[in-house]
Structures are given as structure tokens and as C-alpha cells.
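Written out below as C-alpha cells is the structure these notes cover.
In what follows, every chain begins at residue 1, and chains take the letters A, B, ... in the order their sequences are listed. Excluded from the calculations below are hydrogen atoms, water molecules and symmetry mates; all remaining heavy atoms, backbone and side chain alike, are included.
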2 protein chains.
Amino acid sequence: MRHGSADLVPPARRATIKEVAEAAGVSRSTASRALTGNGYVAESVKQRVRQAAADLGYVVDAMARSLKQQSTKSIGVLVSDLRNEFYAHLAAGASRQATRLGYTTMLIDDQGEAEDEVAAAEAFVALRVAGVVATPISAAATSFLLRQRIPVIEVDRRFSDGACDAVVVDNRGSARAITRHLAELGHRRIALLIDEDDWTTGRERREGYLDALGAAGISHDRGLVVPAGWDVEAAKEAARDLLASADRPTAIFAANNVLAEGAWRAATELGLRIPDELSLAAFDDAPWMSMVTPGVTAVAQDAAAMGRAAVQTLFERIADPAAGTRTIVLSATLRIRGSTAAAPVGQERDLPVG
Amino acid sequence: MRHGSADLVPPARRATIKEVAEAAGVSRSTASRALTGNGYVAESVKQRVRQAAADLGYVVDAMARSLKQQSTKSIGVLVSDLRNEFYAHLAAGASRQATRLGYTTMLIDDQGEAEDEVAAAEAFVALRVAGVVATPISAAATSFLLRQRIPVIEVDRRFSDGACDAVVVDNRGSARAITRHLAELGHRRIALLIDEDDWTTGRERREGYLDALGAAGISHDRGLVVPAGWDVEAAKEAARDLLASADRPTAIFAANNVLAEGAWRAATELGLRIPDELSLAAFDDAPWMSMVTPGVTAVAQDAAAMGRAAVQTLFERIADPAAGTRTIVLSATLRIRGSTAAAPVGQERDLPVG
DNA sequence: TATATTTGTGGGAACGATGCCATAGGTTCC
DNA sequence: GGAACCTATGGCATCGTTCCCACAAATATA
């Protein structure tokens, strides 16, 4: 052990309010009032107590406080994969909004595993968080939290429709718009790369896709709706198989940014020229989509805004637990870039109506 | 209020261990032992208590537990900007490792603001986290935490050299390697786009750059070391000014992924062909760098591994608070892609030695 | 002057869980 | 048969904070 001057060596134990009170020559009650600002304290006493607290390096013990108050100033945020920029932006938006409102954020990344999700929910309950913002992967976590009387906001996708509030984008409408855009360019064989049908996102995006096909008078070819897994590698495989087939599609609509990356890589590796030989459009705009040549046409969701809105909604729910549940639908923007163009003529079977 | 069957309506208040004990017909002490597994309990009693806990939906109150035990099972993670994928991966790696070790993660994104950083540190102290993993932006937060006896691991960059453990990459060596690579391709006018000199990352990368210039016998032109701000827009501006000048460099080394994006966008907007007219290399590999054409030569840091290593180091520090401080240096990989090629002949002043 | 009301302070009981200690019945061993 | 030990259980103080309450002094109102 090295020696140092006394004022630089922190005390072995952290100061408690009792020690602050003694240093200031008042009772614990008075010290508490002086520090929190609740109740009557003489101004001079308040100053003395605060000075004593500063001298001792006192920081309130949030555990003890919330144990007594039976409430915490922290919320839980549960996302599937922080490495996916969509979730990262969502978490950033939620976390910043929570900080702004004086709350701290417990963040858990459930790695897309349902068990981890339930474990995360239990951790949130143990920590008695004031509420949870989650991108659910099953109904289990949400219903567990709701049973424990913890408000939950589902973001991006819904599993507990009506049982809790939600913040989503207009998946169906946006998917319809993007598919219509491809149809208007003359594409008749438009493939949909999709992750998961259990999720409302996947389901609604597929519905929007089908809506637009129907509206354009294009008959639905089941083989063009391709389950493409969860990661870039799997999506690339799926896209490669699709693009290597004899009657390959002239356009691909990838239902999220990961699948779009897989599709892009597959097309690049196969040497398919975009948009001459293949048009590509995506749900979820990602930075790379505006950096590659040509840029990728995409529906841009403001993930950070979704996170902010979710936290906002959560606080409204906390303020009024009895209010009816709400679903906030944010709009998304279609960004048309160079990756979508008129369908190659040779591959057409029919000419588009419009 | 709607009515429902009794077992579906959660009790108004959460069950405590006292209620579990009463339901199981034992004392609180015995219930505690049955649930935690510490101390003697008859097997039959343990089963009965656990059943009672499950029936009542009992979840331990982590606040009360840690108040009594004077320790928490959570760590703090402080990053500058979750929307930057480097930090997002770092946070993901740290958070997952913490989860694996049975800890929860308090995540704060300080938005690159020094005040927010100190506020975050205070929040961590209030929550009595077991330790903190931080990408510091000043020495303030770290020293505050250390004074409060909370172990800190600095990641990516150092502000409190020697006072705490750190996990970094070999910035100087990697910057030297990337600059040498450019010099070996014949470049003599190699610009460095850099963010901040106060940071060890910036300083070391610049030193590595200068090392390599010196080794290649290239005289240092101060005008080629360009402070390029913090975000893509600022970096784009800086790069545009640089590239629009008469004696523009033939190669740019961008000291991080954000600056690289700015440089890329500037070059694209100016219509400069990469690598024919300009070579571009970056510190921090990012997904887009392998998707654009040509791919961008970059030093790849495994940010998730850094997060994991930081949490690992933190736990070792917690286990042995008296041990000497360590700095873990992880290696980085130079990924050579198409964006770096021989310098355009017309612009050369000298031919390279090697 | 008597009575409210406001201001200021301290005592002490919670909040929920844990873990030390005392107690006691059961084994084992010499 | 008693010392030593293991198993099993409950009582109770404790962690740090808040906040209700009682009390008192100062001030306002009747």
C-alpha cells in the first residue's frame, strides 16, 4: 500500500446520510430534507448539509431510496441484437429520452433467444424497473411483465396486441408502397425475402407486398416468397439460390436491412448488375444503402424516434395506468435510389398495365 | 374495471418473501435459505417453499437484497454514441458477457458530452454498480468513480493512464501499418483525417502515421493532418476542402469509420475515382466498407471482443482490487481492399524507395 | 391575549431481504 | 454416556433511506 495525503485517500466505506447529518450537526431527517428538497429546512441548514455532503463525497444510495419509496427511476430496454443498427438506434433513442426524463436505462440484448428474453424480463422485475420498452420475440416476456404489473411498450412488432401499448411503423402500407414502386417500373416477378412470419413485422410486410401485387394484377407465385433466415450469411445463401434459378425474379424486396445486405452480396458475387439485371429494394434504410453504387431504394424508419416515442408512451402509461392501451403508428419514408429501375425487357412475360 | 377469474388477476401488491414463508408455513429465514440455496433446509421444505414462490409469482427484490448484502449484480457501461456501430458492438459485447456472468447492464450513452458523462458516473455510483466499463471523453468521470472506490475499465482510449485498467488496440502500430501500406503503393502525399488530439486514440494513430512517413522518408506536411470534426457532415466538409485544393493528396487515411464515411462521400460527390485518383484507407472497419465498390481498406478492430475483454478484466479487478493495473492490448487486422492502389503517376513528385 | 397556522427539527418505524446467532434433535465416536 | 458434530429451524438486527408524526418556536389571525 502506498501512502498519500489524507484528502486524496477515499474513506474505506462510502458515506451515508447519517454521517452527513452528523457532520452538519443535524438529524437524519433534516439531512434528508435538505438534500432532497422535500419539506421544511432552514436555508442556512440546507447549505450546511449540502456542503457536508459534498465534503464527504456523499452520493445517495438508490437502492435504499427505492426500497423505501417503492419505486425506481429506471426503465428496462430489451432489444434483439444491438449489433443491428436498427436496434442500436432504437436503444439510443430510448436511452437518451429516459436520461432526459431523469431515468436510467437497464439495457438487455436478448440475442434473439426466447429464453434469454424471459430471463431478461425476470431481471427487470427483480430490479423493479418502472417500465419496459421491448422489441419482443415472443409473447412470454411481455405477458410475464404485465402479470407483474410492470408497464410494457412493444416496439417495432407486436405480440400482445391490445394488452399493452405499442409503437410501430406502418409496415403494411410501406411494404405496399415499395412493391407498387417495383410494379410500376414494370416488374412482374418480384421476390420477397422475409425473416419470420410469426412476427407482425414480417406478416404485415408480406400483406403489403401481396396487396400491391393484387392491385397491379400480378398473380402471386409462392416460390417468390422466400424465408431467408436471420443473418447476412443465411440471407445471402437464400438470395443466391433464388438468383441462380432459371426463372429468377427481376426484382427483390428484402424485408429488412440484414436480408438486404445478404441480397446485395449475393447479387454482387453472382455478378448481376443492379439495376440493369436486378432491382433491389429494402425495408429499413441503413447507412451502407446510400454509400454503395447504385444506392439502394429503401423504406426508412426513424429507429431513434421510435425509441423516443416508446419511452414517451411508457411515461404516459406510468402516469395513468388505467388508460386504454394505444398503438402509436409512425410513418416511414420511401427513399428511391438507383437500385430500382425498369425491368429488363427480355425477361418480361407481360407488359404492365399502368 | 373488468372482472376475470381469480388466478388471472395479479395481486395488487407484489408478493414478498414474508408471504412466501407464510404460504409455505415456515419462517422468513427458512424461506430465504430455500430460495437462495444458502444454508441448511430440508429437501421437502425447499420444494414447498419454491412451489409457494412460484404460485405467488414471487421475484426477489434486487434492491432489498443488495441493500442488505452491500453489493450489486450489475455493472455500468458508458459509451459515447450508440448509433456509431463501433460503440454499439462494444456495448453488445460487454452486455452479453455481463449477462453470461449473471450481471445486468446499466447502459448510458453520454452523447459525447462531458457533463453527461459525469452525470452518468453519478448515476452509476447511486446505483452502486459493481464496476464500470467506459469509453471516456474526459478524465473526470473515471477519477470520480475511482474516488468512489468503483472499479473502472477504460476501453478504446485512455484518460487515466495507470490509475485503472484498460482495454485498447494497438493504435500506433496499426496506423503505422496502414500508412506504410499506402507509402509502399507509392503515395507521397498522404493526408490524415483525424478527430481529436486529446484522445489517446487520435494521438497514437497520428504517431503511427508519422512513424510510417518517417520510415518511408516522406517529409511531414502539416497541412495534410486535418482535424475533421465529429460527425459525417463535418468530415465531408473537411475532406471536400482538402480534395478540392490544388495540391490535393493522392491518399487519405481516415482515423475512424465516421471520418472515412465523410471522406468517401466527399470523394463520390467530387467525382473522384477511387482508387485511380484517390486511395482511401480507414481505421475501424464498418459493414459498408466491404459493400461499396471498391471496398475500403481498413484496420478492423473487434469491438465486441473489446467489450467482452473489458468486462472480463473488470471482473478480475473486482475479484482482486489490490492487484496492479493492467492494460490489455488487442491486436487489430489490416484488411486490404480495392480502395488503395498505386499512386497516380502524374501526381508523383518522387518515386518511392521500395 | 388567545388561537390558528406556518416553519423547522428530530425520533423512529418502515421498505424487503439476509445472515448471524440461539436452540434443539439427531448422529457419530470414543 | 457424554463430547463433538451435523442438520434444521426461527428470532431478530441490520443495510440506508424516507417520511409520518410529535413537538416546538415563530408568525399570523381572530
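For A:Arg14 and D:dT17, the CZ to P distance is 11 Å, given to the nearest whole Å. Between the C1' atom of D:dT14 and the CE atom of A:Met63 lies a distance of 17 Å, rounded to the nearest Å. With rounding to whole Å, A:Asp61 atom CG is found 12 Å from D:dT18 atom C1'. Nucleotide D:dT17 holds its P atom 16 Å from the CD atom of A:Gln70, rounded to whole Å. Here D:dT17 presents its C1' atom at 11 Å from CZ of B:Arg128, a figure rounded to the nearest Å. Protein atom CG of B:Asn38 is 17 Å distant from nucleotide atom P of D:dG10, rounded to whole Å. C:dT18 atom C1' lies 12 Å from atom CG of A:Leu67, rounded to whole Å. We find that NZ of A:Lys18 is positioned 9 Å from P of D:dG16, with the value rounded to whole Å.
Contact annotation: side chain of A:Lys68 to base of D:dT18, donor-acceptor pair present below 3.5 Å. Below the 3.5 angstrom threshold, one finds a donor paired with an acceptor across the side chain of A:Ser29 and the base of C:dG11.
Between B:Thr30 and D:dG10, a side-chain N or O to OP1/OP2 separation shorter than 4.0 Å is present. A sub-4.0 Å separation between OP1 or OP2 of D:dT17 and a side-chain N or O of A:Gln69 is absent. An OP1 or OP2 oxygen of C:dT18 is reached within less than 4.0 angstrom by a side-chain nitrogen or oxygen of B:Ser32. An OP1 or OP2 oxygen of C:dG26 is reached within less than 4.0 angstrom by no side-chain nitrogen or oxygen of B:Tyr40.
Side-chain atoms of A:Arg28 lie closest to C:dA13 of the nucleotides D:dT9, C:dA13, C:dG10. In the set D:dG10, D:dG16, D:dT9, D:dG16 carries the atom at the smallest distance from any side-chain atom of A:Arg13.
For the pair A:Arg14 (side chain) and B:Gln148 (backbone), a donor-acceptor distance under 3.5 Å is present. A donor-acceptor distance shorter than 3.5 angstrom exists from the side chain of B:Ser143 to the backbone of B:Ala140, with no hydrogens or angles considered. Judged by distance alone, the side chain of B:Arg157 and the main-chain N or O of B:Thr201 form no donor-acceptor pair under 3.5 Å.
With respect to the salt-bridge test (charged N to carboxylate O, under 4.0 angstrom), the residues B:Asp81 and A:Arg96 qualify.
For B:Arg65 and A:Val41, each mapped to the nucleotide of DNA chain C holding its nearest heavy atom, the one lying further toward the 5' end belongs to A:Val41. Nucleotides of DNA chain D nearest to B:Arg33 and A:Ala64 differ in position, and the one nearer the 5' end is that of B:Arg33.
Residue contacts for B:Thr36: at a heavy-atom cut-off of 4.0 Å it reaches the sugar-phosphate backbone alone, with no base atom in range.
Taking the six-membered ring where the residue is Trp, A:Trp199 and A:Trp230 present tilted rings, their angle falling between 30° and 60°.
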